[in-house]
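Read the structure below first, then the notes.
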Amino acid sequence: MIEVSGVSVRLSGKTIVSQVGFTAPAGQLTAIAGPNGSGKTTTMKAVSGELPYAGSVLLNGQEVNALQPWQLATMRGVLPQANTISFPFTVREVVRMGLTTGVNRNPGKAEQTAAKALAAVDLGGFEGRFYQELSGGEQQRVQLARVLCQIAEPIVDGKPCWLLLDEPVSSLDISHQLTIMTLARKFCEAGGGVIAVMHDLNLTALFADQIILMKSGQVAASGSVRDVLTDRTMESVFGCALRINQIPADGTPFVLAHSAVQSGYNPA
Ligand SMILES: Nc1ncnc2c1ncn2[C@@H]1O[C@H](COP(=O)(O)OP(=O)(O)OP(=O)(O)O)[C@@H](O)[C@H]1O
Ligand SMILES: [Mg+2]
């Protein structure tokens, strides 16, 4: 379980997130959504141990800011929002970086582990390509393969492992969005945990167990998809009229900007 309570982060003398709290259980996909600049990435960086914070972040019961980097590396993999690499690494080299930071349970099988991770993100055969020469979506999937090399198992020594993914599908086509979200779900079903920052609310409705909705550095709403995706909450958080409908077969909510467009959307 990841338990975030009363977390605040200050950067450049400003409070960026304030008193954020939520619980992400293992076995579940927790989505963090909200407008640009609302503090999603900053919150993720506090949870992953990349930024100092006030308050408490318990990762499987241990305070994140008291753990060493090598300990964190065995417990959680991080997909950052930005994936720039300045040197001409090959795909194989980028993916194998994950093996050097995480728990490599099969040191003699580095090549197979990397190949398995690349196949999982539908990049089999890309090993020898240069990272810089890939498309944006391909680069994003290489980075995810790196994370999957680091955190190859959902459970290690009886404890859940975590994938912390900041906009994992932002550059992907619809088919690969489904591939990656399904992979995240299977990781949860096998006992691991996932926290993913998401902008696509419809994909979130299909795959997330709970949504943490942020606004202005705070949690504006949290709970199940059906509790959080409401007309009133959407309008107050995003500042535009959005219509929530439900798929008749199973009641899954989906969000349309139809009403905003019809009323001649005119952002303030
Ligand atoms: N190092 C920093 N110094 C000062 N302000 C920062 C710093 N990093 C982020 N911010 C500000 O903090 C706010 C939250 O940023 P954050 O990256 O967490 O937003 P976000 O919710 O992830 O947005 P997006 O959807 O655009 O990725 C923004 O207003 C941003 O300008
Ligand atoms: Mg962000």
Side-chain angles (χ1 to χ4, degrees), residues 2-25 28-59 63-65 76 78-82 162 164-171 193-205 207-244 253-261 263-268:
I2 291 181
E3 290 167 277
V4 178
S5 40
V7 162
S8 302
V9 177
R10 282 178 69 79
L11 296 172
S12 311
K14 276 194 312 186
T15 298
I16 304 294
V17 301
S18 176
Q19 295 295 320
V20 166
F22 62 88
T23 299
Q28 291 198 7
L29 199 159
T30 296
I32 303 181
N36 293 139
S38 57
K40 304 178 297 297
T41 293
T42 306
T43 299
M44 284 293 263
K45 285 184 174 173
V47 171
S48 65
E50 294 166 273
L51 278 178
Y53 55 83
S56 173
V57 180
L58 294 178
L59 175 59
E63 191 65 51
V64 162
N65 61 11
R76 55 89 181 112
V78 181
L79 180 76
Q81 183 172 1
W162 294 85
L164 306 178
L165 312 174
D166 196 345
E167 300 195 29
V169 297
S170 56
S171 299
V194 176
I195 303 179
V197 174
M198 300 287 293
H199 276 302
D200 186 329
L201 297 170
N202 291 321
L203 214 51
T204 302
F207 285 93
D209 295 293
Q210 63 162 339
I211 304 181
I212 315 301
L213 199 57
M214 294 193 66
K215 183 186 179 187
S216 307
Q218 296 187 306
V219 175
S222 64
S224 71
V225 170
R226 282 169 211 220
D227 287 345
V228 172
L229 291 188
T230 63
D231 293 4
R232 184 190 291 239
T233 307
M234 289 292 103
E235 184 158 356
S236 83
V237 168
F238 289 99
C240 60
L242 296 168
R243 184 173 293 170
I244 314 293
F254 64 94
V255 184
L256 281 180
H258 172 76
S259 43
V261 173
S263 61
Y265 179 51
N266 188 14

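For this chain, numbers begin at 1 and follow the sequence in order.
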Distance-only check: which donor-acceptor pairs under 3.5 Å involve side-chain atoms of residues 232-242, not counting sequence neighbours?
{"unit_1": "Thr233", "atom_1": "OG1", "unit_2": "Thr230", "atom_2": "OG1", "d": "2.7"}
{"unit_1": "Ser236", "atom_1": "OG", "unit_2": "Thr233", "atom_2": "O", "d": "3.3"}

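Put simply, CG on Leu165 and OG on Ser170 are 11.0 Å apart, with the number rounded to the nearest 0.5 Å. The distance from the OG1 atom of Thr41 to the CD atom of Glu167 is 6.5 Å, given to the nearest 0.5 Å. In this structure, the separation between CZ on Arg243 and CG on Leu256 is 8.0 Å, given to the nearest 0.5 Å. One distance of note links CZ of Phe254 with CG of Asn202; it measures 8.0 Å at 0.5 Å rounding. Here Ile195 contributes atom CD1 and Ile32 contributes atom CD1; the two are 5.5 Å apart, rounded to the nearest 0.5 Å. Gln28 contributes atom CD, which lies 6.0 Å from atom CD of Gln210 (distance to the nearest 0.5 angstrom).
For Asp227, there are no salt bridge (charged side-chain N to carboxylate O under 4.0 Å, His left out) partners two or more places apart in sequence or in a different chain. For Ser171, there are no side chain to side chain donor-acceptor pair (under 3.5 Å) partners, not counting sequence neighbours. Every residue meeting the side chain to side chain contact (heavy atoms under 4.5 Å, CB included) condition with Ala33, not counting sequence neighbours, appears here in chain and number order: Leu201, Ile211, Leu213. In this structure Pro52 satisfies the side chain to side chain contact (heavy atoms under 4.5 Å, CB included) test with no other residue, sequence neighbours excluded. Under the side chain to side chain donor-acceptor pair (under 3.5 Å) criterion, Thr42 pairs with no residue, sequence neighbours left out. Residues passing the side chain to side chain donor-acceptor pair (under 3.5 Å) test with Ser216, sequence neighbours excluded: none. When the side chain to side chain donor-acceptor pair (under 3.5 Å) test is applied to Asp231, no partner is found at least two apart in sequence or on another chain. For the side chain to side chain contact (heavy atoms under 4.5 Å, CB included) test, residues two or more places apart in sequence or in another chain that qualify with Thr23 are Met1, Glu3. Ser38 pairs by the side chain to side chain contact (heavy atoms under 4.5 Å, CB included) definition with Pro35, Lys40, Met214, not counting sequence neighbours.
Closest heavy-atom contact between Val7 and Ser56: CG2-O, 3.4 Å. Of all heavy-atom pairs between Thr30 and Pro25, the closest is OG1-CD, 4.3 Å. Here the shortest heavy-atom pairing between Val57 and Glu63 reads N-OE2, 2.7 Å. Taking every heavy atom of both residues into account, Ile212 and Ser222 meet most closely at CD1-CB, 3.8 Å. Between Pro253 and Ile244, the shortest heavy-atom distance links the atoms CB-CG2, 3.8 Å.
Residue pairs that meet the side chain to side chain donor-acceptor pair (under 3.5 Å) test with at least one member in residues 12-21, sequence neighbours left out, are Arg10-Thr15.
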